[in-house]
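Report on the following structure.
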There are 2 protein chains.
Amino acid sequence: MQNQNPRPFNFSPGPAALPQSVLERAASEMLNYQGSGMSVMEMSHRGKLFMDIYHHVHQSVRELLKVPANYKVLFLQGGSIGETAIVPLNLLGKNTKADYVVSGIWSTKAIKEAAKYGDIHLAASNEAAWNGKAAGTYLPPSEQWQLRDGAAYVHYCDNETINGLEFLTMPLPASKAVKVVDACSNLFSRPVDISQYGVVYASAQKNIGPAGLTVVIVRDDLLDQAHAHCPSAFSYRLAADNDSMYNTPPTFALYMAGLVFDWIREQGGLAGIAAQNDAKSALLYQAIDASSFYSNRIDASCRSRMNVPFYLADESLNDAFLAGAQAAGLLQLKGHKSVGGMRASLYNPTPLAGVQALVAYMQDFEKTKA
Amino acid sequence: MQNQNPRPFNFSPGPAALPQSVLERAASEMLNYQGSGMSVMEMSHRGKLFMDIYHHVHQSVRELLKVPANYKVLFLQGGSIGETAIVPLNLLGKNTKADYVVSGIWSTKAIKEAAKYGDIHLAASNEAAWNGKAAGTYLPPSEQWQLRDGAAYVHYCDNETINGLEFLTMPLPASKAVKVVDACSNLFSRPVDISQYGVVYASAQKNIGPAGLTVVIVRDDLLDQAHAHCPSAFSYRLAADNDSMYNTPPTFALYMAGLVFDWIREQGGLAGIAAQNDAKSALLYQAIDASSFYSNRIDASCRSRMNVPFYLADESLNDAFLAGAQAAGLLQLKGHKSVGGMRASLYNPTPLAGVQALVAYMQDFEKTKA
């Protein structure tokens, strides 16, 4: 199997692959952005040149996600793990009650962290077998979430990056709960109805840009219920009132995100990207299911389009599988240490050709070793 | 006045100029870091390739600053404004008392933020005239700091970026106070005795690298006195125990910092850099003092080597001065909106030739307009 692409295919779970054209553009502008004689990294964030970049990124988020007028788009730092604290610090002021759904490693981190800041209730979990499905292989159906009247919000994770579980349709709990969603690894991978949410957040290093930037979308009525200990640098209200420049933003990461958003437009926007992502993940799951040499344990109703964990039937072959993949130009396929096995992350920039190359390699490997 | 440098001279207060060789290296490695087929931005932070980068950066900080063995070097997010909360969240647990010195805009932000988290005492300030010196033009001598017995720490700002005030010698209050120092705009600009401090912090975008990275150096005995509401992503203890990867670090900014540290070594380390910085700022202050057309209001004992604010005697000429500077390839000289006038920031990467060009331009401008 020859890799026709000049660069290897990179299945990193994050920080993840970026479009080649974006990297080429960034390299070409590194010493002299648009004739300014400066790198984007060397500009005051308050000068016109950088403010133009900021406004472009901000507007791109609004347009691509069709963000309603009564929501703010914020750019913060600290990533998803930062947000596990920043969310309750911004939303649990007078009302200290929040409900959390646990569906894997990321949502487990979120509920543990939130417990520092309020009265936190486990609304649902997938940690026990249910309805014939093994623990950890399904997502708790939203009809069964036990939400408390008067809770400030319900938090869930839209795509569990490590476990490979994704809400393929939006969970719509019956109550009027404010939904706060960790969409770190699938925001910008498909169209989404932002009006259904209170807060949506995503760190950049999956589908947006380099690590160190967090995108947070907040409904206006949620901006003023912060905890007294919320740091100013992470205050949704202060970020909203200061174009996300209450503190110096990660300017180069914002610029890169702008280039990625331009690239998403070239792919037909989120509808175009979603079609590509559906095709990519379908191809890989079909290949896994067609073989007894490979397996994926996740219920078909909630298999992630972004992260496909899989196991070799004979795990003693794991190192050989990874070494062969590396030699074939298929990088960063090792599964997370907490679950083992393999994981192919198929974020937006991973092309269909990359998945085809991976499937071909898997079939070759199986023939040699089975 | 011809600018012989192929790039303009950039006096940005931050995000600030970077060494040209660093930008060239980053551009050349953008699509393929050391034959890996990946950009540094596309690597898992837990893989060997990136861990090698991390170890290099970490070791460079230890070596350049001669960090004693009983200190940890941490890499966080949120910048200086983030640290105004992160410091008290990490240090004001059981002991809620801290003393703050106010010497300008940054230290004022710090004391206001800290007041959310503890019993905060104003130890000294320069907000009134003193000893024949006008308010804001001097630094409160450490002999006069009113420190409380039993306070967890005393916080001060080593270089007030906006006001142009710098502690040219280390303030050594008589008490055994733990010194927590905002060294955002002068860390890595000269040798410093880390053993005198409890915590030293600096955001990267002055002398270290791109915005979005914060370097924090903490003495080991201060790692375990956090407030119950300290977010995990900003916990000194968790950062120390996880190679600053409890959450995903800003990987590209770390890589850039490593390149900047290599460049500092080429300049003769911090001693070499300090000599350059002394020469640069001395040249500019001499030119200002030699003229009645320009003025700097700061007491000579504490004029910043990093940020030189100055005023034209006739401020109606400000726009003409800035337009002429831009045309002469001298960028980002406008003073901060809160103090007006001009400001030349002379961080490490600004060459002496840049200051010479600025002085020549100032003299030409004066001749034309005086």
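Just so it is clear: chains get the letters A, B, ... in the order the sequence lines come, proteins before strands, and each one is counted from 1. The analysis underlying the following values was restricted to heavy atoms, covering all of them including side chains, and did not include hydrogens, waters or symmetry mates.
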Mind checking the CD1-CG spacing from A:Ile208 to A:Leu18? Nearest 0.5 Å is all I need. 11.0 Å

Note: vs chain A, highest number of non-hydrogen pairs under 4.5 angstrom among B:Leu331, B:Val40, B:Ile81 is B:Ile81

Show your working on side-chain contact (heavy atoms from CB on, under 4.5 Å) between B:Ile162 and B:Ser338 and close with a plain yes or no. CA-CA 8 Å; B:Ile162 294 172; B:Ser338 61; 3.7 Å; yes

ring-ring contact (aromatic ring centres under 6.0 Å, His included) for A:Phe50 and A:His45? Distances and angles first, verdict last. CA-CA 5 Å; A:Phe50 186 77; A:His45 51 296; 7.5 Å; no

Of all of A:Gly79, A:Ala85, A:Ser36, A:Ala16, which one pairs up most often with chain B through heavy atoms under 4.5 Å apart? A:Ala16

If you tally heavy-atom pairs under 4.5 Å between each of B:Ala27, B:Ser39, B:Ser80, B:Ala233 and chain A, the highest tally belongs to B:Ala27

Can you say whether B:Glu24 sits under 4.5 Å from chain A via the side chain, the backbone, both, or neither, judging by heavy atoms? both

Counting only heavy atoms closer than 4.5 Å, note whether B:Tyr246 contacts chain A via side chain, backbone, both or neither. both

Chain A interface, residue from B:Lys109, B:Glu113, B:Lys334 that has the most non-hydrogen pairs under 4.5 Å: B:Glu113

Between A:His227, A:Met38, A:Met256, A:Gln326, which residue shows the highest count of heavy-atom pairs closer than 4.5 Å to chain B? A:Met38

Check: A:Gln332 side chain, B:Glu42 main-chain N or O, donor-acceptor pair, under 3.5 Å: yes

Report the option among A:Lys337, A:His229, A:Arg46 that has the most heavy-atom pairs separated by less than 4.5 Å from atoms of chain B. A:His229

Part of B:Leu76 lying under 4.5 Å from any heavy atom of chain A: neither

Most heavy-atom pairs under 4.5 Å with chain B, out of A:Ser44, A:Ser28, A:Pro13, belong to A:Ser44

Start with the C-alpha distance between A:Tyr33 and A:Leu49, add both sets of side-chain angles, then the distance that settles side-chain contact (heavy atoms from CB on, under 4.5 Å), and finish with yes or no. CA-CA 9 Å; A:Tyr33 176 76; A:Leu49 265 177; 4.0 Å; yes

Quick one: of A:Gly212, A:Gly78, A:Pro210, who has the most non-hydrogen atom pairs under 4.5 Å with chain B? A:Gly78

Exam field: side chain B:Asp182 to backbone B:Cys184, donor-acceptor pair closer than 3.5 Å: yes

Apply side-chain contact (heavy atoms from CB on, under 4.5 Å) to the pair A:Leu333 and A:Leu322, showing each step before the final yes or no. CA-CA 7 Å; A:Leu333 283 162; A:Leu322 286 168; 3.9 Å; yes

Quick one: does B:Phe11's side chain get under 4.5 Å of B:Met342's, heavy atoms only? no

I'd like to verify something: which residue of B:Leu89, B:Asn247, B:Ile86 has the highest number of heavy-atom pairs under 4.5 Å with chain A? B:Asn247

B:Asn307 side chain near B:His336 side chain, heavy-atom distance below 4.5 Å: no

Tell me if a side-chain donor or acceptor on B:Tyr347 pairs with a main-chain N or O of B:Lys206 at a distance below 3.5 Å. no

With a 4.5 angstrom heavy-atom cut-off, could you sort out which part of B:Pro249 is near chain A: side chain, backbone, both or neither? backbone

side-chain contact (heavy atoms from CB on, under 4.5 Å) for A:Thr251 and B:Gln205? Distances and angles first, verdict last. CA-CA 10 Å; A:Thr251 51; B:Gln205 66 268 19; over 6 Å; no

Using non-hydrogen atoms only, which part of A:Glu29 is less than 4.5 Å away from chain B: side chain, backbone, both, or neither? neither

So which part of B:Ser203 gets closer than 4.5 Å to some heavy atom of chain A, the side chain, the backbone, both or neither? neither

At a 4.5 Å cut-off on heavy atoms, which part of B:Ala253 comes close to chain A: side chain, backbone, both, or neither? neither

Do you know which of A:Gly14, A:Gly209, A:Ala17 has the most heavy-atom pairs with chain B at a distance under 4.5 angstrom? A:Ala17

Pick one of side chain, backbone, both or neither for A:Ser12, based on which atoms fall under 4.5 Å of a heavy atom in chain B. side chain

